[in-house]
Amino acid sequence: MHTFRETMRIDIITVLPELLKSPFEASILKRAIEAGLVEIHFHNLRDYTTDNYKSVDDYQFGGGAGMVMMIEPIDKCISGLQAERHYDEIIYMTPDGERLNQGIANQISLKENIIILCGHYKGVDQRVRDTFITKEISIGDYVLSGGELGAAVLCDAVIRLIPGVLGNETSALTDSFQDNLLAPPIYTRPREYKGMKVPEVLFSGNFGEIEKWREEQAYKRTQERRPDLLNN
Ligand code: ADE
């Protein structure tokens, strides 16, 4: 049975909205937005500054290289949003956050309203994290110039899991990682190309055999490439 699902709403706070827009203007994410399954709202932090220079960052107390994003514009933006609706999660994109994986994407895809704050420079004043942030996410052990590309990655991973976004309802369930296994090899026409043949079993018409072969291949691939997944 299907239960009614509210449109998911994602508010993204950034100093560089233009860096973030294009991933939402093509393919699956675009269609999800057009179908009303998700709403994306961009907020330029500079619109929430009070000084004439529209500055969002300042020097670090205690000294040290790199600027720090100030709490005031972020407070104004987040508090304004919270006055309008309840948010289930306020996520800060940062390399020292919890490393993103399929399980986290699954959890977030069940939320209704979320805010994603993109960090820049050295990051945000610690008081922002202490006061507003409910989840801190890293997309991997490397440092990006800002949280925007990470936010795009997170949104893509989450939005494709919303029921109705992918044409075939089951296709997200057969992705790599959904069962802690990598996906098996896949083939399409032609049946033979420059002497390279498609495995015979796929033409057997025996779906039990095909499923068994796919499971074996998924297991083999996982063992070879990502044995760490099998130990969980
Ligand atoms: N901002 C900078 N580096 C990042 C990373 N690896 N993940 C998420 N946000 C980031």
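When a ligand or atom number is given, it counts from 1 through the structure's own listing order. Just so it is clear, the values below take in all heavy atoms, side chains as well, and ignore hydrogens, waters and symmetry mates. Quick note: residue numbers are just sequence positions, from 1.
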Practice problem: Look at ligand 1 and say whether Gly140 reaches it with a heavy atom at a distance under 4.0 Å. | Solution: yes
Quiz item: Does ligand 1 have an atom under 4.0 Å from some heavy atom of Gly150?
Solution: no
Quiz prompt | Single-linkage hydrophobic cluster, 4.5 Å side-chain cutoff, Ile133 and Val124 together | solution = yes
Practice problem: Check each of Ile91, Asp141, Leu144 against atom 3 (N) of ligand 1 and report the one with the nearest heavy atom. | Solution: Leu144
Quiz item: For Arg214, does the CZ atom sit with more than 12 other heavy atoms under 6.0 Å from it, leaving out its own atoms?
Solution: no
Practice problem: Work out whether the distance between some heavy atom of Ile137 and some atom of ligand 1 is less than 4.0 Å. | Solution: yes
Quiz item: Can you list the residues that meet the ring-ring contact (aromatic ring centres under 6.0 Å, His included) rule with Phe132, with sequence neighbours excluded?
Solution: none
Exercise. Tell me which protein heavy atom sits closest to atom 6 (N) of ligand 1, plus the residue, atom name and distance to 0.1 Å.
Key: Tyr142 O, 2.8 Å
Quiz item: Salt-bridged, Arg191 to Glu200, with N to O below 4.0 Å?
Solution: yes
Exercise. Answer with yes or no whether Gly146 contacts ligand 1, where contact means a heavy atom under 4.0 Å from a ligand atom.
Key: yes
Quiz item: What pairs with Phe42 under ring-ring contact (aromatic ring centres under 6.0 Å, His included), at least two apart in sequence or on another chain?
Solution: Phe24
Self-check item: Protein heavy atom at shortest distance from atom 10 (C) of ligand 1
Solution: Pro95 CD, 3.7 Å
Practice problem: May I ask you to check if Arg129 and Tyr92 form a cation-pi contact, with NZ or CZ under 6.0 angstrom from the six-membered ring centre and within 45° of the axis? | Solution: no
Practice problem: Measure the distance from atom 7 (N) of ligand 1 to every protein heavy atom, then report the residue, atom name and distance (to 0.1 Å) of the closest one. | Solution: Ile139 N, 2.9 Å
Quiz item: What is the closest protein heavy atom to atom 9 (N) of ligand 1, and at what distance does it sit?
Solution: Thr94 N, 3.3 Å
